[in-house]
There are 2 protein chains.
Amino acid sequence: MQAFENRTEPALPLRATNLEAGWQRQGKLWSNLKELCALLRIPAVSGMADEDLLFQHVQFKTGQRIHTIGQPFDTLYIVHSGFLKTVLIDEYGNEQVLSFPMKGDLFGVDGIHTRRYASEAVALSNCDLILLPFKKFIALGRTHIELEQAMYSVMSRELVREQSMVSMLGALSAEARVARFLVSLSERFAEMGYSSRLFNLRMTRHEIGSYLGLTLETVSRTLSAFNEIGYITVDQKSIGIRDVEALRTLRRLPPSTTRGRQTSRKARPAAEDVIEAGAEPATWDQLMSA
Amino acid sequence: MQAFENRTEPALPLRATNLEAGWQRQGKLWSNLKELCALLRIPAVSGMADEDLLFQHVQFKTGQRIHTIGQPFDTLYIVHSGFLKTVLIDEYGNEQVLSFPMKGDLFGVDGIHTRRYASEAVALSNCDLILLPFKKFIALGRTHIELEQAMYSVMSRELVREQSMVSMLGALSAEARVARFLVSLSERFAEMGYSSRLFNLRMTRHEIGSYLGLTLETVSRTLSAFNEIGYITVDQKSIGIRDVEALRTLRRLPPSTTRGRQTSRKARPAAEDVIEAGAEPATWDQLMSA
DNA sequence: CGAACTGTTGATAACTATCAAGTGGCGTGG
DNA sequence: CCACGCCACTTGATAGTTATCAACAGTTCG
């Protein structure tokens, strides 16, 4: 069984004529501000000279690197189509996947502070990216004030995403992480107009594991388990979602129960205990026998 | 043994006269743009009307909440003195510590996107915070263009911090996390002009554990172990750093070895294997017998 | 001075990594 | 066109790290 949803290319015309050969010339090569805002899911900039400001597109093929760690920063990227990964590389050469940017996502932001990219971005499929030269962007801020706000908003969104990532890595079990990963992918695909129930993973088990702080074996086993209990169907990279709610609510008793003395340290009636919440399938056995 | 370094208050005058009672009236109540930039460790804004623009300070006492999750967002905060924590609270009421803001740190940024704070901020000591009303800040961007860049820079820095946090949670062992935590605290204190070799933790083991994705017991045990092998001295909240290098280089074989097929997927001579790096003390036993 | 919180330490269990072997897919080259 | 080799994935056995449960000591503060 194969899922033919969301191919790399715009794909709606069913990947017919645009093949590898002519790729470099395919697609739209320029976008204006309005399209850019729509893509980023932020209120359109009201400015007048919309049609004048054009932003160049660039295409990358599967496996190509968009930028590396330490490379001088000068431009931000917005994904128009395709799938990528951003990674950190530690002193031993090990990758740590940080995100999987896709349509509408912004990346490269981590280079602003030090003026050098802090991460590496690699195309997981053929990609069409919009270049947003930082200087140009800054200059634009002078005339289009809303654009400035928009950028704050996008960066803030990114920050919140990282926060929830930290929270997930810090508090959730392996099953819960994989479940949430699938759900968020599903939602992401829905937003992009693809099927949320049947899609292809663009990354390897290894990359997923790195992203979720797990080994590839654990990811594989968890997917198999979800498959067996009917939450999903798995066939290599093809994933079918069969019970979103189950995946969405799958959790585990958090390892750190920080509750108590939450507001002011001083006094408080007394025994205000942990909520100990209604249990969810916590162990493999429970999962398997569900 | 008690470390008297870095008390909550400006502290250099050895916490003499300014006691709890008069706190609300103590300290400086307003700061100008220049001071603000210095505090944030970003190039000073060159604007002219420096002295005109004043930003109000506000004081919070230990345990007080600065903002809660869901509360309408309207201002950013910069720490002038004191220590705080920011936390996420999940559906069961469990806290997840996200950061420990201290002097020079900005927080509240996560509220920009949704217009509501995404996290909760609590004072871990008496604090002096500078208010930065978002509207006012945006307005300022029109006249002080550099301020805009500065904010991008600070947000970018924050994003990079979160990234390294994710990387740490995803790839490092418990010992390594605690070691890095201590080192970064030490460095942070040094930046603030305090001793980097002897300091007091402002947070509980529980909060540290939540921050690092560990239980309080594991944190406690790890500190005890570091103490025994002479890397640090521990006495309750008082920490003495005795071998920064050991702490800094303490790592472990990363669980996910994503290396291989890094650049282009296609072809490549061949067997280009993992670097498998020179081993470091990996287990508790090794740690203990070092 | 006691209650409540914080921190320490031990015993045990659970989760997940590690090691290992085998299958299947896919691209490259014979 | 098929075979080979590499890579991704699956699955099993085992070990190790860290969570959990529990008891206790030290601290703080009213």
Side-chain angles (χ1 to χ4, degrees), chain A residues 2 62-63 170-178 201-210 212-225 227-228 234-239 252-262 264-273 282-287, chain B residues 2 62-63 170-178 201-210 212-225 227-228 234-239 252-261 265-273 282-287:
Chain A
Q2 281 289 35
T62 301
L172 296 187
S173 67
E175 311 104 73
R177 293 184 209 180
V178 175
L201 296 176
R202 288 314 187 316
M203 58 296 280
T204 67
R205 303 284 191 271
H206 202 128
E207 288 161 342
I208 296 174
S210 173
L212 298 177
L214 304 169
T215 58
L216 71 164
E217 292 97 330
T218 299
V219 173
S220 177
R221 271 188 250 274
T222 306
L223 290 177
S224 297
N227 181 51
E228 287 199 47
V234 190
D235 177 45
Q236 300 289 93
K237 292 252 203 293
S238 162
I239 298 282
R252 202 198 45 166
L253 46 168
S256 65
T257 316
T258 313
R259 217 42 178 174
R261 187 265 281 145
Q262 70 267 58
S264 111
R265 243 172 239 238
K266 53 188 62 172
R268 255 307 173 88
E272 168 202 320
D273 258 5
T283 68
W284 273 108
D285 291 344
Q286 288 176 272
L287 248 181
Chain B
Q2 282 289 36
T62 301
L172 298 186
S173 67
E175 310 103 74
R177 293 184 209 179
V178 174
L201 297 175
R202 287 315 185 319
M203 59 297 281
T204 67
R205 303 285 191 269
H206 203 131
E207 288 159 342
I208 296 174
S210 173
L212 298 177
L214 304 169
T215 59
L216 70 162
E217 292 97 328
T218 299
V219 173
S220 178
R221 272 188 251 273
T222 306
L223 290 176
S224 297
N227 181 51
E228 286 198 49
V234 189
D235 177 46
Q236 300 289 94
K237 293 254 207 289
S238 161
I239 299 283
R252 203 199 43 167
L253 48 166
S256 67
T257 315
T258 313
R259 216 45 176 172
R261 186 263 282 144
R265 241 174 241 236
K266 53 188 60 174
R268 256 308 173 86
E272 168 202 322
D273 259 4
T283 67
W284 271 108
D285 291 342
Q286 286 174 273
L287 246 181

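Chain A is the first sequence line, chain B the second, and so forth, proteins listed ahead of strands; every chain is numbered from 1.
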Check: Between C:dT9 atom P and B:Glu228 atom CD, what is the distance in whole Å?
Finding: 7 Å
Check: Which of the following nucleotides, C:dT16, D:dA19, C:dC19, is nearest to the side chain of A:Glu175?
Finding: C:dT16
Next item on the list: Starting at atom CG of B:Leu214, determine the distance to atom C1' of C:dG7, rounded to an integer number of angstrom.
Entry: 16 Å
Check: Roughly how far, to the nearest 0.5 Å, is the CG atom of A:Leu212 from the OG1 atom of A:Thr222?
Finding: 9.5 Å
Next item on the list: Check the distance between C:dT6's P and B:Ile208's CD1 and give it to me in whole angstrom.
Entry: 12 Å
Notebook entry, point to check: Starting at the 5' end of DNA chain C and moving along, which residue's nearest nucleotide shows up first, A:Glu217 or A:Arg177?
Noted result: A:Arg177
Check: Can you find a pair of side-chain heavy atoms, one from A:Val178 and one from A:Glu175, that are under 4.5 Å apart?
Finding: no
Checklist line | Among C:dA20, C:dT6, D:dA19, the nucleotide that comes nearest once only the side chain of B:Thr204 is considered | finding: C:dT6
Notebook entry, point to check: Under 4.0 Å between a side-chain N/O of B:Thr218 and OP1 or OP2 of D:dA19, yes or no?
Noted result: yes
Next item on the list: To the nearest Å, give me how far apart CZ (B:Arg221) and C1' (D:dT18) are.
Entry: 9 Å
Checklist line | Candidate nucleotides C:dT9, D:dA19, D:dT10, ranked by approach to the side chain of B:Ser220 - the nearest | finding: C:dT9
Checklist line | Nearest atoms (heavy-atom pairs only) where A:Gln236 meets A:Arg205 | finding: O-NH2, 2.7 Å
Note to self: Would you say B:Lys237 places a side-chain N or O within less than 4.0 Å of OP1 or OP2 belonging to C:dT6?
What the structure shows: no
Check: Of the non-hydrogen atoms in A:Met203 and A:Ile208, which two are nearest, and what is the gap between them?
Finding: CG-CG1, 3.4 Å
Item checked: Which atom of A:Thr218 lies closest to which atom of A:Ala174, heavy atoms considered -> CG2-CB, 3.8 Å
Next item on the list: Could you tell me the separation between the CG atom of B:Leu201 and the C1' atom of C:dT6, rounded to a whole number of Å?
Entry: 12 Å
Notebook entry, point to check: Reckon B:Arg205 has a side-chain N or O less than 4.0 Å from the OP1 or OP2 of C:dT8?
Noted result: yes
Item checked: For atom CG of A:Asn227 and atom P of D:dT10, their distance in whole Å -> 9 Å
Checklist line | Nearest-Å distance for atom pair CG/C1', residues B:Leu212 and D:dT17 | finding: 16 Å
Check: Once you round it to whole Å, what is the distance between C1' of C:dA4 and NE2 of B:His206?
Finding: 15 Å
